[in-house]
Amino acid sequence: MQVDYTSEQLAIQPKLAPANINPDSFLATDYLNHFNEIVMLMEMIPDMPELIEEAVEWSPKTYCQHFEESGFQAKDLAIKAYELAPAQFRQPFEDVCREMQSIIQATLNGLIAVNVVERGMSPAAQTLIRDRIEILQNHLMSLNQVIHGKTESVIEASLPEAHQEDVQSQEEIDKLFD
């Protein structure tokens with residue numbers, strides 16, 4: 001993919017790779033840690049439903065919030081690079097992030113609403129959360145591709161349609177526990 005970088009982008013670009021920021025997309029893989037942590041915790045919930053209480057403490061963070069609060073050595077550069085990221089990388093990146101946040105929040109809210117800590121996890125509920133985790137892992141791979149400058153497969157994926165098919169309504173989640 002040919003990118004026409006601005007003079008401001010060209011000026012900062014040589015500083016990016018040494019700071020572990022992709023010089024093509026202007027994005028850093030460190031942000032994936034924000035999602036990796038919650039996905040790993042969600043993976044344990046089917047076997048340990050009490051972990052839902054810890055999982056619901058997770059809250060979405062923007063890319064900039066993540067770096068402002070992180071110990072990433074070049075956090076100021078990461079934030080500046082993100083602000084300058086070419087739209088052909090930044091837009092699909094933000095779309096996938098929003099989709100992941102929506103899936104995570106809907107799943108956690110559904111599990112809380114049906115009180116899995118008290119009621120336990122039915123086999124159907126375990127399947128549901130495992131399916132959602134698989135979707136989230138696929139989205140993590142998409143984010144990684146975008147960070148590394150590969151957006152073609154991510155753009156073709158049509159995230160809003162996938163979301164509607166894969167994320168069930170709260171009413172459907174409730175039925176899993178009745």
Side-chain angles (χ1 to χ4, degrees), residues 22 25 27-70 82 85 87-178:
N22 186 284
S25 69
L27 302 169
T29 56
D30 189 80
Y31 183 67
L32 298 178
N33 292 334
H34 174 59
F35 291 109
N36 282 329
E37 293 168 5
I38 187 63
V39 171
M40 287 189 294
L41 189 56
M42 290 172 68
E43 286 175 323
M44 295 186 280
I45 290 173
D47 298 320
M48 295 181 281
E50 65 276 7
L51 289 176
I52 188 70
E53 294 170 348
E54 183 178 337
V56 297
E57 292 177 14
W58 180 88
S59 61
K61 290 182 186 177
T62 67
Y63 187 91
C64 294
Q65 286 172 324
H66 169 77
F67 282 100
E68 287 167 353
E69 298 172 10
S70 79
Y82 180 75
Q88 59 261 50
F89 301 111
R90 186 172 168 167
Q91 191 59 55
F93 181 83
E94 289 176 350
D95 290 346
V96 175
C97 288
R98 269 192 302 279
E99 180 69 14
M100 289 186 70
Q101 291 168 357
S102 176
I103 292 168
I104 292 166
Q105 292 297 151
T107 303
L108 296 177
N109 290 341
L111 294 173
I112 287 294
V114 296
N115 196 10
V116 296
V117 174
E118 298 286 325
R119 297 171 74 183
M121 299 276 295
S122 70
Q126 290 176 352
T127 299
L128 171 74
I129 195 165
R130 287 187 176 114
D131 289 346
R132 298 259 178 105
I133 289 165
E134 184 177 334
I135 293 165
L136 291 168
Q137 289 169 334
N138 288 334
H139 284 350
L140 278 167
M141 286 189 291
S142 293
L143 282 180
N144 193 47
Q145 287 178 325
V146 174
I147 289 168
H148 288 93
K150 298 172 180 70
T151 60
E152 294 81 19
S153 61
V154 175
I155 293 170
E156 292 170 10
S158 181
L159 291 171
E161 287 178 26
H163 175 72
Q164 290 175 5
E165 291 173 18
D166 295 326
V167 178
Q168 299 172 343
S169 72
Q170 181 62 46
E171 183 177 305
E172 290 170 315
I173 293 170
D174 293 344
K175 288 179 187 175
L176 295 174
F177 295 91
D178 291 333

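All values below were derived from every heavy atom in this structure, side-chain atoms included, with hydrogens, water molecules and symmetry-related copies excluded.
Each salt bridge (Lys or Arg N to Asp or Glu O under 4.0 Å) pair with one or both residues in residues 58-70, not counting sequence neighbours, appears once here: Lys61-Glu69. Pairs engaging residues 37-60 under the ring pair (Phe, Tyr, Trp, His ring centres under 6.0 Å) rule: His34-Trp58 [sequence neighbours left out]. Screening residues 38-48 for salt bridge (Lys or Arg N to Asp or Glu O under 4.0 Å), with sequence neighbours left out, gives Asp47-Arg130.
Across Arg132 and Ile103, no two heavy atoms sit closer than the pair CD-CG2, 3.9 Å. In plain terms, the two heavy atoms of Ile38 and Ala55 that are nearest each other are CD1-O, 3.6 Å. Considering every non-hydrogen atom in both Met44 and Leu51, the closest pair reads CB-CD1, 3.5 Å. Counting all heavy atoms, side chain and backbone alike, Leu27 lies closest to Ile147 at O-CG2, 3.6 Å. Residues Thr151 and Gln88 come closest through the heavy atom pair CG2-O, 3.3 Å. The nearest pair of heavy atoms linking Gly149 to Ser25 is N-CB, 4.4 Å.
With rounding to the nearest 0.5 Å, the separation of CD in Gln105 from CG in Leu108 is 6.5 Å. To the nearest 0.5 Å, the span separating CG on Asn144 from NZ on Lys150 amounts to 9.0 Å. Interatomic distance, Leu41 CG to Ile52 CD1, rounded to the nearest 0.5 Å: 8.0 Å. The structure places CG of Leu143 at 11.0 Å from CD of Glu99, a figure rounded to the nearest 0.5 Å. Rounding to the nearest 0.5 angstrom, the gap separating the OG1 atom in Thr29 from the CG atom in Asn22 is 9.0 Å. Of the inter-residue distances, the one linking Ile129 atom CD1 with Leu111 atom CG reads 5.0 Å to the nearest 0.5 angstrom.
With contacts defined as side-chain heavy-atom distances shorter than 4.5 Å, the pair Ile133/Gln137 qualifies.
Judged as a ring-ring contact (aromatic ring centres under 6.0 Å, His included), and not counting sequence neighbours, the contacts of Tyr63 are Tyr31, Phe67, Tyr82, Phe93. Judged as a side chain to side chain donor-acceptor pair (under 3.5 Å), and not counting sequence neighbours, Asn36 has no contacts. For the side-chain contact (heavy atoms from CB on, under 4.5 Å) test, residues two or more places apart in sequence or in another chain that qualify with Asp131 are Thr127. Remark: Glu94 engages Arg90 in a salt bridge (charged side-chain N to carboxylate O under 4.0 Å, His left out) (not counting sequence neighbours). For Gln91, the side chain to side chain donor-acceptor pair (under 3.5 Å) criterion is met by Asp95, not counting sequence neighbours. Every residue meeting the side-chain contact (heavy atoms from CB on, under 4.5 Å) condition with Thr62, not counting sequence neighbours, appears here in chain and number order: Cys64, Gln65.
Checked by atom type, the side-chain pair Asp30/His66 shows a donor-acceptor distance below 3.5 Å.
Each of Gln145, Met141, His139 was evaluated against Val96; a single residue qualifies, His139, per the side-chain contact (heavy atoms from CB on, under 4.5 Å) test.
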